Colleague: 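Below is a structure I'd like to ask you about.
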Amino acid sequence: MLERYDFAEIEKKWQKSWEDQETFKTVEDESKEKYYVLEMFPYPSGKLHMGHVRNYSIGDVIARFKTMNNFNVLHPMGWDSFGLPAENAAIKNGIHPNLWTWANIDEMRSQLKELGLSYDWSREVATCHPDYYKWMQWIFVQFFKKGLAYKKENPVNWCPSCQTVLANEQVVDGGCERCGTLVGKKELSQWYFKITDYADRLLDNLDNLDGWPNKVKIMQKNWIGRSIGAEVDFDIVGFDKKMKIFTTRPDTLYGVTYMVLAPEHPFVNELVSGSEKEAEIKAFNEKLHQMSDIERTSTTLEKEGVFTGRYCINPLNNKEVPIFIANYVLMDYGTGAIMAVPAHDQRDFDFAVKYNLEIIPVVETNDPNIDMLNLKEAFIAEGNMINSDKFNGMNNKVAIAKFIEYLEENKIGKKSINYRLRDWLISRQRYWGTPIPMIHCDKCGWVPEKEENLPVLLPTDVEFTGKGESPLTTSKTFGETACPECGGLAHRELDTMDTFLDSSWYFLRYTDPKNQEKAWDFKNQKYWMNVDQYIGGVEHAILHLMYSRFFQMALYDLGFVSNEEPFKNLLTQGMVIKDGKKMSKSIGNVVSPDLIISKYGADTARLFILFASPPEKELDWSDAGVEGSFRFLNRVHRLVYELSAIVPAAPKTYILETEADKNLAYVMNGTVKKVSEDVGGRFNFNTAISSIMELVNEMYKYKEGDDINLGLLKVCVENLVLILSPFTPHICEEMWQHLGNNESVYKTNWPVYDEEALIKDTVEIVIQVNGKVKEKLNITNNLDKSTFERIVMENEKVMAIISGKDVIKIIAVPNKLINIVVK
RNA sequence: GCCGGAGUGGCGGAAUUGGCAGACGCACAGGACUUAAAAUCCUGCGAUCUUCAUCGAUCGUACCGGUUCGACCCCGGUCUUCGGCACCA
C-alpha cells in the first residue's frame, strides 16, 4: 500500500487476484444457507452505461454483504444475446450477427470485470450459444407436448415500408421503430403460448409475493385485467345462431336497448349479405381498416356505427332490440359482441345519443341532482333496481349474483371471467433468435424435432436484407428435412422465437450451467431456487417478470422445478436518465462509465452511483459530486495508511476510559448497526454510505485528541474497512492486506456490533413549550418519568419562560422530549 | 378517463414507530498552510427580522383545511409532475 491512493494499480492488482484465486466461485454446499442474488442480465449492445453500473453495483453490494454474513451466495452473470440490434448491424454493416454479438460480449465482459463485480464467471451463459438454446428448444417441445404451444392465423404488426413484421415492442406510438411509417396489420400464421391458462394463478399468486414492490404487482394485475361477469345468449330474429355477449353488468339486462357486434365479427357477413345494408356495412369496414390500431382504439375517437337491419330478442323481457356494428367494440376482447345499456355505460350513452336510441334506466339513485328520466351522462354508481321486473328494489351489486343465478337456471347464460391478457405471440420473422424446433409434415401436421436431434442449429447461409419474410427462408440447407414421425419430406418452421423466451428461464440454467444432459439438474435448482433477490429496471415490471413467472409455473406443473414462483424478493431500480430522457443510443445521451473509471477508478464510480440516490428512485445523471466520492476514498485511504503504522500491533481488546472513547465506540457500533440494517434490510445504500462517512469524520477527530486508545482505534479501522468493502472492494482489499490480514476481505466475517456501547450515559432531551423547541438538556439516561419532569421544571430557563403562566399539561417522552403546555 | 408513485435549502438527498426539519455529500463564500498552485485542514451556508457581534424572534417540508400537546409523516380537498393502463363491455 502506497501513501498515495493509486486506484489504477490497486484495482488491476485485486481484479487479477480474485480471478487467479477464483474468489467468487460458488459450489453447492448443504452445510450453508444459500442466497441467490441476481441482476437482470444485459443485452450485449457493446457498451456499459450508467444504468448497468447502478444495477450491478446494487447486486454486488448485496452479494458481498451476504457472503460476509456467511451465506453461500450464487451471483452469476450472462448475456441476453439474441435480438434485433445484431441483425440490424448485419444489414447495415454486413457483419454477421454472431461475430457482432460475441465481439460485444467480450467488450462488455471486460468492462464488467473492470468494475470488480463478484460474479462467478464459471457460470456465464449466453442465450445465443447452442449450449443454451438447445435447452430453450427442449423447453419449447415440453410446452408443445403439454398443449401450451399452438399455431394460429392472426393479424400481426406489419411495416409496409420495411416489408417486415414488427414485434409489439418495436411499434412506437403506432409507427415503425426504424422508419416511422404507420404500422398496419397482416394475417400470418404464428406460434402462441397459452399464458391465458395461467391468468388466474399469475394474478392470485401476486398476493403471496410479499417481497415484491406493490407498484409492480399492481401493474401486473392491471395487465392481466381479470373481469368477472356473465355470458348471455341473445336470439337473433330470423337467424339460427345465438349472439353471445360478455358483460360485467348482468344487473342492467333490462336496460338493453340495442346490441353491437365488432365489425370483424364472423356473424356480420351472414347477417347482412344480400340485404340493402350490405354496401353500407362494407364501406364502414373498409374505412376502419384504413385506420391504424392506435387511431382505431383511441378513446377520443368518435363512436360510429351502422345498423345491420337485424334484431335481437332480450331473453329476459322478449323485447326486440336493433343490432349495430360499431367502431368501439373490439373483436379480440370477450366475445366481440356486447349488449348496450346506454343508461349505465358512458360509451353506449354517447352512441345512443348520436343515433337517437332509447335510454332506459334500470338502476336508480336518490341523488336529487340526477334526473333519471333525463340523464346527462351514464349513471354508473351503485343504486337500487328499477324497471327490472322481479329484481326491482334490490341493490344492484346484490342483484348481479341474482341475475347470474337466473341466467343459469334458465340456460340463457352463465357466470364468465374475461382477461385483458392475451396469449403470447412468440414467433418472430427474424434470424437472430432461437429456431423454433417444429417441423411441418403434410401427413402428420406439426411435429416437434426429436429431442436427441436438438439443438436445431441456426444456419449460417442466410441473407440479411431487412425485407420480406424470415431470413431463414433464404437458407438453402435449413428448410427441408425429414418428418420425425413418418420420415417423409417435411419443412422446418422458419420463424424464430421471441427473445423474451430466452430470458424467461436463464435463472434456472445458472444453477447448472454446464449440464450437457439436461437443462438443469433437479437437485441443483432445488438447492439454489428461488432467486432470493432479483434486481433490475422497473421497465421490466410487466413483460419479463410475468413471462418468467409463467415459465416457472409451467415448468413446475411439468415437474422440472420445485417452486411455483421464481423470484422471492424483487428490487426495481429506477432508471438512470440524462437531461430528463432515458439514456439511449438514438438520442445520443448515453453516459459510459469509462471516463469516470479512468479518472477516479471503479470504486469511486460504484460508490458515487449508490450514494447519489436510493435505488428505486429515478436518477437524473450528473457527475457533479463524483469528486466528492473520490475525495472520501482518499480520506479513508489516508486515515488507514496513517493508522496502519500504529494499530496492527495493538491488542484487539480495549477498555473505554475517556468520554472521547465512549463517543467513538458509540459512533462505530452505531455505524456497523446502521450499515447492516441499511444494506441487509431496506437497501438504502445512500444512507449506509453517509453513516460510514460520519464514522470517518469521527475517527479523524478522535485521533487528533490527547488520549488515544489504540485497541479501540484498531477495531474501528478494521470495521471501517469491512463495512465499506461491499461498496468499494478494491481499495478495501488493499487496506485490509496492509493492516496485516492474509485472507480476502470478501472471505472475512461481517463485524458484529456491541449493543452495550450503544447505550449512552447521558442523553440530550428537547424541551418544548407549546410544541416549540425552547431548550436542550443533557440528562442521565433512563431517568424515571417524575425525576425527569422535576429536573426540567426546575431548569432556570424553563422557569423563566413559564413563569406567570398556567401549566395545563406536561407530555414527557423519556430519553427524548418533554412538551409543556401553558396558557 | 382509470390505477399507482412523487413534490423537503442553490443541487443530490436525510429524518426507519406522530417527537429537535435539512444528516451526509455537492456547489458556493471566507480563512489557514504554500513563493504560488494543487492537495489538505478550519469556519459559514433555508428565509426574514433584530443586533457592532453575540443572544434572540418569526416563518418554513407544493397549496388549502382538519385531527393532535406535537404533523414532512395521519385525514379531507386542490395543484404540479412522473410511471402504467386505456373504447376491455
Side-chain angles (χ1 to χ4, degrees), chain A residues 4 213-223 225-227 229-230 245-249 252 260 262 296-303 326-330 332-341 344-348 350-351 418-422 538-539 541-542 574-575 577 580 607-608 611-614 616-629 631-632 634-635 638 674 677-678 681-682 684 686-697 700 704 764-776 808-813 815-822:
Chain A
R4 192 175 63 86
N214 239 333
K215 179 192 166 91
V216 174
K217 291 199 273 188
I218 288 166
M219 280 164 76
Q220 292 207 354
K221 193 174 170 183
N222 291 341
W223 187 264
R226 177 160 68 190
S227 308
I245 60 98
F246 172 74
T247 179
T248 53
R249 294 291 305 275
T252 61
V260 188
R296 168 78 202 276
T297 57
S298 154
T299 45
T300 54
L301 182 71
E302 193 180 345
K303 287 160 190 50
N327 59 359
Y328 74 98
V329 174
L330 308 172
D332 60 0
Y333 184 77
T335 60
I338 63 156
M339 63 180 212
V341 185
H344 304 293
D345 181 284
Q346 192 56 42
R347 291 156 301 178
D348 298 345
D350 295 343
F351 192 84
N418 255 287
Y419 303 93
R420 211 192 70 95
L421 181 73
R422 300 295 140 77
V538 68
E539 64 273 18
I542 297 172
M575 263 192 277
I577 56 175
L607 185 73
F608 174 66
F611 181 56
S613 170
E616 317 80 35
K617 231 179 136 163
E618 197 166 86
L619 176 62
D620 200 349
W621 175 258
S622 149
D623 53 16
V626 178
E627 296 251 8
S629 293
R631 250 197 307 262
F632 169 69
N634 275 285
R635 209 165 135 76
R638 216 179 310 125
K674 180 158 177 62
E677 286 169 359
D678 282 355
R682 54 176 208 159
N684 278 18
N686 55 333
T687 52
I689 293 165
S690 65
S691 76
I692 298 175
M693 287 173 169
E694 284 175 273
L695 172 62
V696 169
N697 292 344
Y700 263 100
E704 295 307 318
E764 189 185 61
I765 55 122
V766 171
I767 302 171
Q768 297 180 336
V769 177
N770 289 344
K772 294 213 154 75
V773 180
K774 293 292 176 188
E775 177 68 316
K776 291 170 190 180
I808 294 168
K809 207 174 185 181
I810 297 173
I811 291 107
V813 184
N815 285 343
K816 219 169 214 172
L817 162 143
I818 189 162
N819 189 11
I820 304 159
V821 186
V822 296

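None of these values were measured; they are calculated from a predicted model. A note on names: the letters A, B, ... follow the listed sequences, proteins ahead of strands, and every chain is numbered from 1.
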Colleague: Tell me, for nucleotides 21-29 of chain B in 5' to 3' order, what letter each nucleotide earns: B for a base near a protein heavy atom under 4.0 Å, S for only sugar-phosphate near one, - for neither?
Modeller: --BBSSS--
Colleague: Just to be sure I understand the rule, does A:Val821 reach a base, reach only the sugar-phosphate, or reach nothing, if contact means heavy atoms closer than 4.0 Å?
Modeller: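 Contact class for A:Val821: sugar-phosphate only.
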Colleague: Between atom CH2 in A:Trp223 and atom P in B:G84, what is the gap in whole Å?
Modeller: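 Distance, rounded to whole Å: 11 Å.
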Colleague: Is any side-chain heavy atom of A:Lys674 less than 4.5 Å from a side-chain heavy atom of A:Ile692?
Modeller: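 Side chain of A:Lys674 against side chain of A:Ile692, heavy atoms only: no contact under 4.5 Å found.
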Colleague: What interatomic distance, in whole Å, is found between P of B:A38 and the corresponding atom of B:G46?
Modeller: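 Per the computed distance, 26 Å lies between those P atoms.
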Colleague: If the P atom of B:C73 is compared with that of B:C20, how far apart are they to the nearest Å?
Modeller: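 It works out to 13 Å between them.
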Colleague: Let's see if you can work this out: which of B:C87, B:C88, B:A89 has an atom nearest to the side-chain heavy atoms of A:Arg422?
Modeller: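 The closest nucleotide is B:C88.
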Colleague: How long is the straight-line distance from NZ of A:Lys776 back to CD of A:Gln768, given to the nearest 0.5 Å?
Modeller: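 Result: 11.0 Å between the selected atoms.
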Colleague: Could you tell me how far B:G4 sits from B:G10 if I compare only their C1' atoms? Round to whole Å.
Modeller: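 The same atom, C1', in both gives a distance of 32 Å.
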Colleague: Between A:Asn634 (CG) and B:A38 (P), how many Å, whole number?
Modeller: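 Answer to the nearest Å: 16 Å.
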Colleague: Could you give the distance separating B:A21 and B:A29 at their P atoms, to the nearest angstrom?
Modeller: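 These two P atoms come out 30 Å apart once rounded.
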Colleague: So does A:Asn819 reach the base of B:C69 with its side chain, donor to acceptor, closer than 3.5 Å?
Modeller: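 Pair found.
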Colleague: Which atoms form the tightest heavy-atom contact between A:Asn686 and A:Phe611, and what is the distance?
Modeller: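 Heavy atoms only, the tightest pair is CB-O, 3.5 Å.
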Colleague: Give the minimum heavy-atom separation between A:Gln220 and A:Ile542, together with the two atoms involved.
Modeller: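 Minimum heavy-atom separation between A:Gln220 and A:Ile542: NE2-O, 4.0 Å.
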Colleague: When you look at A:Arg420 and A:Asn222, which way does the side chain to side chain donor-acceptor pair (under 3.5 Å) test go after all the steps?
Modeller: CA-CA 8 Å; A:Arg420 211 192 70 95; A:Asn222 291 341; over 6 Å; no
Colleague: When all nucleic acid strands are considered with a 4.0 Å heavy-atom cut-off, which category describes A:Lys303: base, sugar-phosphate, or nothing?
Modeller: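 Answer is base: heavy atoms of A:Lys303 come under 4.0 Å of a base.
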Colleague: Using every non-hydrogen atom in the two residues, find where A:Thr248 and A:Ser227 come nearest and quote the distance to one decimal.
Modeller: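 Scanning both residues, the minimum pair turns out to be CG2-CB, 3.8 Å.
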Colleague: A:Tyr333 vs A:Phe246 aromatic rings, parallel, tilted or perpendicular, using cut-offs 30° and 60°?
Modeller: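 Ring orientation, 0 to 90° scale: perpendicular.
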Colleague: Considering all heavy atoms of both residues, which atom of A:Leu619 and which atom of A:Ser613 are nearest to each other, and what is their separation?
Modeller: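 So the minimum-distance heavy-atom pair works out to CD1-CB, 3.8 Å.
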Colleague: Once you round to the nearest 0.5 Å, how far does CD of A:Glu775 lie from CD1 of A:Ile818?
Modeller: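 One gets 12.5 Å once the value is rounded to the nearest 0.5 Å.
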Colleague: Rounded to whole Å, please give me the gap between CG in A:Asp332 and P in B:C87.
Modeller: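 Whole-Å distance recorded here is 10 Å.
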Colleague: Which one, B:A15, B:G84, B:A14, comes nearest to the side chain of A:Pro614?
Modeller: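 Among B:A15, B:G84, B:A14, the one nearest the side chain of A:Pro614 is B:A14.
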Colleague: When the nearest nucleotide of RNA chain B is assigned to A:Arg638 and to A:Ala612 on a heavy-atom basis, which residue is associated with the more 5' position?
Modeller: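 Its nearest nucleotide lies further toward 5', so the answer is A:Ala612.
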Colleague: Report yes if at least one side-chain N or O of A:Ser227 is closer than 4.0 Å to OP1 or OP2 of B:A89; otherwise report no.
Modeller: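 A:Ser227 to B:A89 OP1/OP2: side-chain N or O found under 4.0 Å.
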Colleague: Quick one: stems involving RNA chain B, counted as three or more successive Watson-Crick or G-U pairs, both distances short of 3.5 Å.
Modeller: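 So far as stems of 3 or more pairs are concerned, RNA chain B shows B:1-7 with B:79-85, B:10-12 with B:24-26, B:28-32 with B:40-44, B:46-49 with B:56-59, B:62-66 with B:74-78.
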Colleague: Considering only the P atoms, how many Å lie between B:A6 and B:A86, rounded to the nearest integer?
Modeller: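 24 Å, rounded to whole Å.
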Colleague: For A:Leu301, which contact category applies under a 4.0 Å heavy-atom criterion: base, sugar-phosphate, or nothing?
Modeller: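 Answer is base: heavy atoms of A:Leu301 come under 4.0 Å of a base.
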Colleague: Taking the C1' atom of each, how far is B:G9 from B:C45, in whole Å?
Modeller: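 Going atom to atom, C1' in each nucleotide, I get 10 Å.
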Colleague: Distance check: side-chain N/O of A:Arg420 vs OP1/OP2 of B:A89, anything under 4.0 Å?
Modeller: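 No.
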Colleague: Looking at B:U16, B:C87, B:A89, which one has an atom nearest to any side-chain atom of A:Thr247?
Modeller: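 Looking only at side-chain atoms, A:Thr247 lies closest to B:A89.
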Colleague: Work out which heavy atom in A:Tyr700 is nearest to a heavy atom in A:Arg635; give both atom names and the distance.
Modeller: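 Smallest interatomic distance, heavy atoms only, reads OH-O, 2.8 Å.
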Colleague: What heavy-atom pair brings A:Asn815 and A:Ile765 nearest, and what distance separates the two atoms?
Modeller: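 Closest approach of A:Asn815 to A:Ile765, heavy atoms only: C-CG2, 3.7 Å.
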Colleague: Pick the closest RNA chain B nucleotide for A:Tyr700 and for A:Ser613 by heavy atoms, then say which residue is nearer the 5' end.
Modeller: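 On the 5' side of the pair lies A:Ser613.
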Colleague: Of the candidate nucleotides B:G19, B:C69, B:A89, which contains the atom at the shortest distance from the side chain of A:Lys809?
Modeller: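 Of B:G19, B:C69, B:A89, B:C69 is nearest to the side chain of A:Lys809.
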Colleague: Using the P atom as the reference point in each nucleotide, state the distance between B:A62 and B:C11 in Å, no decimals.
Modeller: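 The answer is 14 Å between these two P atoms.
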Colleague: Considering every strand and a 4.0 Å limit on heavy-atom distances, what is the contact class for A:Ile811: base, sugar-phosphate, or nothing?
Modeller: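 Counting heavy atoms under 4.0 Å across all strands, the contact made by A:Ile811 includes a base.
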Colleague: With syn defined as a glycosidic angle within 90° of 0 and anti as everything else, classify B:G9.
Modeller: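 B:G9: syn glycosidic orientation.
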Colleague: Please report, rounded to the nearest Å, how far the P atom of B:A14 is from the CG atom of A:Asn684.
Modeller: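 One finds 7 Å between P of B:A14 and CG of A:Asn684, rounded.
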Colleague: Considering only the C1' atoms, how many Å lie between B:U54 and B:G44, rounded to the nearest integer?
Modeller: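 To the nearest whole Å, 16 Å.
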Colleague: Rounded to the nearest Å, what distance is computed from the CD atom of residue A:Glu539 to the P atom of nucleotide B:C82?
Modeller: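 Whole-Å distance recorded here is 18 Å.
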Colleague: Could A:Arg422 and A:Asp332 be called an ion pair, given the rule that one side-chain N must be under 4.0 Å from one carboxylate O?
Modeller: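 A:Asp332 and A:Arg422: salt-bridged.
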Colleague: Can you tell me if A:Lys215 touches the phosphate of B:G4, counting only side-chain N or O atoms and a distance under 4.0 Å to OP1 or OP2?
Modeller: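 For B:G4, neither OP1 nor OP2 has a side-chain N or O of A:Lys215 closer than 4.0 Å.
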Colleague: Check the distance between B:C87's P and A:Asn327's CG and give it to me in whole angstrom.
Modeller: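 So the CG-P distance, A:Asn327 to B:C87, works out to 12 Å.
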Colleague: Rounding to an integer number of Å, can you tell me how far A:Leu817 CG sits from B:G19 P?
Modeller: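 So the CG-P distance, A:Leu817 to B:G19, works out to 10 Å.
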Colleague: Tell me the interatomic distance from A:Lys772, atom NZ, to B:G60, atom P, rounded to whole angstroms.
Modeller: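 Roughly 9 Å, once rounded to whole Å.
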